[in-house]
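None of these values were measured; they are calculated from a predicted model.
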Amino acid sequence: MNEAASPPIAADILLIEDTPTLRAIYDAHLRSSGFVTLSAASAAEGLALFRKTDPPVVLLDLMLPDGDGIDLMREMLALQPRTAVVVITADRSTERAVKAMRAGAHDFLVKPVSELRLMTAIANARAAAQLSRPQAVPGREAPLAGFIGTSGPMRTVYARIRSAARSMAPVFVTGESGTGKELCAQAVHALSPRAAAPFITLDCGAIPVERFESELFGHLRGAFPGAVTDKAGAAALADGGTLFLDEICDLAPELQPKLLRFLQSATIQPLGAARPQRVDLRVIAASAQPPLQAVHDGRLREDLYYRLRVVPIEMPPLRQRPDDIAPLAAEILRRFAILEGRAFTRLSPAAEAVLRAQPWNGNVRELMNVLRAATVTHDGDELTEEMLPEEIRFPAEHAPPCPGLNMTTLAGRSLAEIERLVIEDCLTRHDGSVPRAARELDVAPSTLYRKLDAWRKD
């Protein structure tokens with residue numbers, strides 16, 4: 001039976017692609033990951049299905065036999081502004097990408113696209129769509145879509161997000177690694193008047209110094225060796241929407257004045273361009289490091305800090321909201337069971353008790369890693385205590401050795417000195433491997449390389 005003739009009541013993703021083989025491939029990838037899909041081969045058929053089913057995510061080919069994909073996207077977003085549209089095309093031009101993003105596309109994929117890139121884009125779009133379509137809980141204030149938990153600390157976060165979303169002021173999100181700072185930023189964007197426009201992320205700690213200006217401001221062809229095409233920067237792509245500056249405290253000091261000037265002037269000048277151009281965007285910054293400590297240490301300019309920290313939001317660590325652990329674990333288990341093709345539907349009371357007893361220094365990200373490991377290696381209706389990794393059930397027996405550090409070693413030292421000792425100790429235990437040390441410390445390798453380089457110059 002033709003799907004257009006009798007569509008399901010609801011679908012996760014509407015796929016609009018006119019090439020039958022590609023439509024079949026994309027549909028197979030999506031269904032194998034547990035998504036409920038509908039597919040169409042034309043703009044007219046796609047719009048008809050969109051009107052009937054209101055899907056949260058649309059995967060849209062821009063070259064359709066009966067119309068332009070960007071025009072179709074504008075029509076769908078006019079009907080439902082909170083739909084996340086991932087566009088896909090064989091056209092590699094920067095102009096086309098910028099036009100699609102400005103028209104409201106959540107992401108832009110160029111054919112041929114790998115399964116990993118496709119599924120990453122769809123997962124991100126799905127998360128953004130969930131954020132923008134919050135579900136009410138009868139009798140109490142609901143968590144924002146995308147979040148799980150009704151503890152006091154999280155209710156405070158929800159209130160701050162709702163308040164910040166109504167303003168255009170810059171937001172500074174802080175919290176330990178793995179607490180959901182980017183999810184918080186996406187929630188502010190999704191509840192704001194800019195929700196239908198792009199949300200663009202720039203990781204300040206992962207981009208080499210020499211590439212940062214190009215990544216933020218863009219460049220023209222021939223602006224420097226290797227610039228073979230025009231490239232739109234993150235600020236131009238975020239025009240009309242939100243620019244998320246992740247790990248702002250890791251931004252190299254020599255780049256901070258340029259970022260500050262951009263924030264003050266709201267103008268950008270791509271490398272090689274003759275004149276600047278204005279952009280209209282909202283900036284949200286985030287840091288896992290305490291920003292005031294970074295200011296005190298001279299790693300973050302004070303004027304930049306106060307420019308960004310108009311509306312602060314602090315994400316609480318998981319250990320401060322133990323009542324949220326069980327519902328979080330249940331939802332994470334459900335998602336991984338679908339992803340890995342397992343039958344799990346619940347956790348046993350004993351498994352929940354073990355999870356509640358953990359300190360969760362890696363926060364929600366660590367909880368996700370633990371449950372994914374258990375899901376991959378076991379199966380059944382109920383995930384029991386015995387299925388959890390040994391290092392969770394018997395933490396004392398699996399504590400990593402730390403021979404070089406103790407309270408005597410650290411007593412009386414500044415935070416910067418302690419940071420250096422911890423990093424050097426971690427590198428020693430990993431035989432000098434920066435990538436392995438970065439994984440343990442949960443930071444970008446570029447952050448460690450930059451710190452090591454600065455220490456060598458001391």
Chemist: Just grab all the salt bridge (Lys or Arg N to Asp or Glu O under 4.0 Å) pairs involving residues 291-303, residues at least two apart or on different chains.
Modeler: Asp297-Arg299, Arg301-Asp303
Chemist: Going by the rule ring-ring contact (aromatic ring centres under 6.0 Å, His included), which residues pair with Phe262 if we only count those two or more places apart in sequence or in a different chain?
Modeler: Phe217
Chemist: Tell me every residue that passes ring-ring contact (aromatic ring centres under 6.0 Å, His included) with Tyr26, counting only those two or more places apart in sequence or in another chain.
Modeler: none
Chemist: Look at the side chain of Arg307 and the backbone N and O of Pro170, then say whether any donor-acceptor pair between them is shorter than 3.5 Å.
Modeler: no
Chemist: In Å, rounded to the nearest 0.5 Å, how long is the span from CG of Leu304 to CG of Leu255?
Modeler: 11.0 Å
Chemist: Tell me whether Lys258 contacts the main-chain N or O of Glu213 through its side chain, where contact means a donor paired with an acceptor under 3.5 Å.
Modeler: no
Chemist: Provide the full list of salt bridge (Lys or Arg N to Asp or Glu O under 4.0 Å) pairs with a residue in residues 236-255, sequence neighbours left out, each pair given once.
Modeler: Arg102-Asp239
Chemist: Verify salt bridge (charged side-chain N to carboxylate O under 4.0 Å, His left out) between Asp18 and Arg23, making sure each step is shown before the conclusion.
Modeler: CA-CA 7 Å; Asp18 65 314; Arg23 190 168 64 249; over 6 Å; no
Chemist: Could you walk me through whether Glu176 and Arg319 pass the salt bridge (charged side-chain N to carboxylate O under 4.0 Å, His left out) check?
Modeler: CA-CA 11 Å; Glu176 297 176 7; Arg319 60 184 172 276; 2.4 Å; yes
Chemist: Between His106 and Val85, is any pair of side-chain heavy atoms under 4.5 Å apart?
Modeler: no
Chemist: Using a strict cut-off of less than 4.0 Å between a Lys/Arg side-chain nitrogen and an Asp/Glu carboxylate oxygen, indicate whether Glu419 and Lys451 qualify as a salt bridge.
Modeler: yes
Chemist: Measure from the side-chain N and O atoms of Glu45 to the backbone N and O of Ala41, and report whether any donor-acceptor pair falls under 3.5 Å.
Modeler: yes
Chemist: Can you find a heavy atom in the side chain of Leu109 that is under 4.5 Å from one in the side chain of Val86?
Modeler: yes
Chemist: Salt bridge or not between Arg356 and Asp323? Use side-chain N to carboxylate O under 4.0 Å.
Modeler: yes
Chemist: Decide yes or no on side-chain contact (heavy atoms from CB on, under 4.5 Å) for Met73 and Thr83, but give the supporting numbers first.
Modeler: CA-CA 10 Å; Met73 176 172 62; Thr83 302; over 6 Å; no
Chemist: Would you say the side-chain atoms of Ser167 pair up with the backbone N or O of Ala164, donor to acceptor, closer than 3.5 Å?
Modeler: no
Chemist: Any non-hydrogen side-chain atom of Val57 less than 4.5 Å from a side-chain atom of Ile122?
Modeler: yes
Chemist: Do other residues, nucleotides or ligands put more than 12 heavy atoms under 6.0 Å from Met119 CE?
Modeler: yes
Chemist: Are any of the side-chain heavy atoms of Leu72 and Leu47 separated by less than 4.5 Å?
Modeler: yes
Chemist: Testing the 3.5 Å rule here: is there a donor-acceptor pair between the side chains of Glu17 and Thr19?
Modeler: yes
Chemist: Is there a donor in the side chain of Arg365 and an acceptor in the side chain of Ser177, or the other way round, less than 3.5 Å apart?
Modeler: yes
Chemist: Would you check if the side chain of Arg342 reaches a backbone N or O of Thr375 as a donor-acceptor pair within less than 3.5 Å?
Modeler: yes
Chemist: For a 4.5 angstrom cut-off between non-hydrogen side-chain atoms, does Val173 reach Met315?
Modeler: yes
Chemist: For Asp379 and Met387, which heavy atoms make the closest approach, and how far apart are they?
Modeler: O-CE, 3.8 Å
Chemist: Go through the side-chain N and O atoms of Asn363 and Thr179 and say whether any donor and acceptor fall under 3.5 Å apart.
Modeler: no
Chemist: Check whether any side-chain N or O of Gln358 sits under 3.5 Å from a backbone N or O of Ile392 as a donor-acceptor pair, and report yes or no.
Modeler: yes
Chemist: Please examine the side chains of Val113 and Ile88, heavy atoms only from C-beta on, and report whether any two atoms are closer than 4.5 Å.
Modeler: yes
Chemist: Could you please spell out the steps behind the side-chain contact (heavy atoms from CB on, under 4.5 Å) verdict for Leu300 and Leu251?
Modeler: CA-CA 8 Å; Leu300 182 66; Leu251 183 63; over 6 Å; no
Chemist: Would the distance check show the side chain of Thr156 and the main-chain N or O of Gly152 forming a donor-acceptor pair, the cut-off being under 3.5 Å?
Modeler: yes
Chemist: With sequence neighbours excluded, tell me which residues meet ring-ring contact (aromatic ring centres under 6.0 Å, His included) with His29.
Modeler: none
Chemist: Do the side chains of Thr89 and Val87 get nearer than 4.5 Å, heavy atoms only?
Modeler: no
Chemist: Less than 4.0 angstrom from a charged side-chain N to a carboxylate O is my criterion; do Glu75 and Arg51 meet it?
Modeler: yes
Chemist: For residues 191-206, tabulate all N or O donor-acceptor pairs below 3.5 Å that involve a side-chain atom, not counting sequence neighbours.
Modeler:
unit_1 : atom_1 : unit_2 : atom_2 : d
Ser192 : OG     : His189 : O      : 2.7
Ser192 : OG     : Arg194 : N      : 3.1
Arg194 : NH1    : Gly240 : O      : 3.3
Arg194 : NH1    : Gly241 : O      : 3.3
Arg194 : NH1    : Asp280 : O      : 3.3
Arg194 : NH2    : Asp280 : OD1    : 2.8
Thr201 : OG1    : Glu182 : OE2    : 3.1
Asp203 : OD1    : Gly205 : N      : 3.0

Chemist: Do side-chain atoms of Arg321 reach the backbone of Pro153 as a donor and acceptor pair under 3.5 angstrom?
Modeler: no
Chemist: Within the 4.5 Å heavy-atom criterion, are Gln186 and Phe244 side-chain neighbours or not?
Modeler: no
Chemist: Counting neighbours of NE2 on His378 that are heavy atoms of other residues, nucleotides or ligands and sit closer than 6.0 Å, is the number greater than 12?
Modeler: yes
Chemist: Under the side-chain contact (heavy atoms from CB on, under 4.5 Å) rule, what do Phe172 and Ser287 come out as? Steps first, then yes or no, please.
Modeler: CA-CA 8 Å; Phe172 203 133; Ser287 175; 3.9 Å; yes
Chemist: Check Val209 against Ala252 and note the closest heavy-atom contact, atom names and distance.
Modeler: CG2-CB, 3.6 Å
Chemist: Would Ile284 and Leu243 count as a side-chain contact (heavy atoms from CB on, under 4.5 Å) here? Give the steps.
Modeler: CA-CA 6 Å; Ile284 301 178; Leu243 177 62; over 6 Å; no
Chemist: Please check this pair: side chain of Ser265 against backbone of Arg261, looking for a donor-acceptor N/O pair closer than 3.5 Å.
Modeler: yes
Chemist: Distance-only, no hydrogens or angles: does the Asp381 side chain make a donor-acceptor pair with backbone N or O of Phe344 under 3.5 Å?
Modeler: no
